[in-house]
Amino acid sequence: MYKLIKKQGNARRAEFQTVHGTIQTPAFMNVGTSAAIKGGISSYDLKDLKCQVELCNTYHLHLRPSDDVIKDMGGLHKFMGWEKPILTDSGGFQVFSLSKLRTIKEEGVYFQSHIDGKKIFMGPEESMRIQSNLASTIAMAFDECIENPAPYDYTKNSIDRTTRWLVRCKKEMEKLNANPNSINQNQLLFGINQGSTYKDLRIQHMKDIANLDLDGYAIGGLAVGESAREMYETIEAVEPYMPSDKIRYLMGVGTPANIIEAVYRGVDLFDCVMPSRNARHGHLFTWSGIININNAKYERDLEPIDNQCDCPTCRNHSRGYIRHLLKAKEMLGMRLAVIHNLYFYNTLMEKIRYSLDNDTFDQFREENVEILSKRI
RNA sequence: GGGAGAUUUCCCGAGCGGCCAAAGGGGGCAGACUGUAAAUCUGUUGCUUUCAGCUUCGAUGGUUCGAAUCCAUCAUCUCCCA
């Protein structure tokens, strides 16, 4: 349940109540695709990282270890040892990212497993059943994340199919939630808006799905190659058509600047692989800009990654040490780097919330958007 | 003491007369990464005044139009026989 606390312009400060606890928004979801955040981060670490929600993936967990196993293990929360909310992505992104290994049909998508080549079918019903077995807090509708650029006609056909799939998702979810064998009978369902960068299609699709009265609405299919400007314009175009009493989730976004700009345009929820993946590659976020800890200039640097940061990594270790660990491919290097970046992202959201609470968000945005994108 | 083999650019290692500033790894340097097929991928890695020139393949000297590649001597290392 979405409870608006405060607004500044289009930016919204709210709470989202779930059976696994309340999420303070705007919030960033920490991505643990295969029931783990890459880089050796455990659920107990996430508590120190101010993580509110973890995101896992339907397609990946279905392949391994399988949703049956996870259901028998008591659902994802027990499986991972994480009590707070979990959002599962539907597999719709894999329609995009694994495009070479799949065929789209009206009934759903035929994948060839990226692990062993096995043929896998996933349609709206399958995705909902898998997510019900995983027993996440929030299930995402099964959609097609359209590649960019995409022809207009293709996009039009695709969003209409995504709408039909959404209706099937909703129906299946209602069935599953009514089933006493379901671990989480209160599983929430979010719909996903598509339409590439065509504003008319985005709006049309948003209108089509808005009246389905879902638990939340996501904007998908962005940050897939279009410019930041196009992304912002797309959000601005659809935002007026998103139900204002429902949580809004911008999928897969983004850089700290992207997040601030999207909050400014009315988005509540984010997720992105960037803080964890980039951390593993030595690309670290600081309050003064972005550093690449692999650079030779940090070899003998005794300073923490960011002296304005009080994350476990910055409280204990120097740049020179982390650079060494990453260079030596010691797993501790990745772990420390990921801890820092996730803490940074979760702190960024905390600061955004704080600024909204204090009506200083516009100022926060002005002061930070540029600096956080700068490479130093 | 006698015999066989080796010595290549930061490292390992290919090359066996011109297409060699020299394959391929590794390492170094730098870049990319946005609902994670990503512990991945890309570029670069002798010097310079870079549509070219110069200096490199243990050392020196030779053969040749032309040598990392052939010959001689020396140096170092490895193995085998005494």
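Order of the sequence lines sets the chain letters (A, B, ...), proteins ahead of strands, with each chain counted from 1.
Across B:G62 and B:A68, the matching P atoms stand 16 Å from one another, rounded to whole Å. Annotation: B:A23 and B:A72 have their C1' atoms spaced 31 Å apart (nearest Å). To the nearest whole angstrom, the two C1' atoms, one in B:U36 and one in B:G13, are 36 Å apart. B:G35 and B:G31 are spaced 25 Å apart, taking the C1' atom of each and rounding to whole Å. Taking atom C1' in both B:G26 and B:G17, one finds a spacing of 31 Å when rounded to whole Å. As rounded to the nearest Å, B:C11 and B:C74 have C1' atoms that lie 27 Å from one another.
Heavy atoms of A:Lys327 sit under 4.0 angstrom from primed sugar atoms or phosphate atoms, though from no base atom. A:Gly221 comes within 4.0 angstrom of a base, heavy atoms only. Counting non-hydrogen atoms under 4.0 angstrom, A:Ser34 reaches nothing in the nucleic acid. A:His60 comes within 4.0 angstrom of sugar-phosphate atoms only, judged by non-hydrogen atoms across all strands, and of no base. Backbone-only contact: A:Arg375 has heavy atoms under 4.0 Å from sugar-phosphate atoms and none from a base. As judged by a 4.0 angstrom heavy-atom cut-off over every strand, A:Asn57 is placed among residues touching the sugar-phosphate backbone only. Residue contacts for A:Glu299: at a heavy-atom cut-off of 4.0 Å it reaches no nucleic acid atom on any strand shown. Among the atoms of the strands shown, base atoms are found under 4.0 Å from some heavy atom of A:Ile192.
Taking atom CE of A:Met274 as the reference point, atom P of B:A38 lies 17 Å away to the nearest angstrom. Atom CZ in A:Phe93 sits about 11 Å away from atom C1' in B:A38, given to the nearest Å. To the nearest angstrom, C1' of B:U34 lies 13 Å from CE of A:Met29. If you take NE2 of A:His283 and C1' of B:U36, they are 16 Å apart, rounded to a whole angstrom.
Nearest-nucleotide positions on RNA chain B for A:Leu101 and A:Met231 put A:Met231 closer to the 5' end. Each of A:Arg277 and A:Asp271 lies near RNA chain B, and the nucleotide nearest A:Asp271 is the one positioned closer to the 5' end.
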Decide ring pair (Phe, Tyr, Trp, His ring centres under 6.0 Å) for A:His114 and A:Tyr59; before the verdict, give the C-alpha distance in whole Å, the side-chain angles of both, and the deciding distance to 0.1 Å. CA-CA 11 Å; A:His114 68 282; A:Tyr59 169 86; 5.6 Å; yes
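Close to B:C29, at under 4.0 Å from its OP1 or OP2, lies no side-chain N or O of A:Asn294. Between A:Asn295 and the phosphate of B:A30, there is a side-chain N or O to OP1/OP2 separation shorter than 4.0 Å. At the phosphate of B:U36, OP1 or OP2 sits under 4.0 Å from a side-chain N or O atom of A:Gln94. Phosphate proximity of B:A37 to A:Ser97: present, with a side-chain N or O under 4.0 Å from OP1 or OP2.
Centroid-to-centroid, the aromatic rings of A:Tyr44 and A:Trp82 stay 6.0 Å apart or farther. Here the two rings, on A:Tyr249 and A:Phe270, have centers that are 6.0 Å apart or farther.
A:Gln94 and A:Arg102 share no donor-acceptor pair across their side chains, judged by distance under 3.5 Å alone. Looking only at atom types and distance, the side chain of A:Asn294 has no donor-acceptor partner in the side chain of A:Arg323 under 3.5 Å away.
At a cut-off of 3.5 angstrom, counting only N and O atoms as typed in the model, there is no donor on one side facing an acceptor on the other between the side-chain of A:Asn292 and the base of B:G31.
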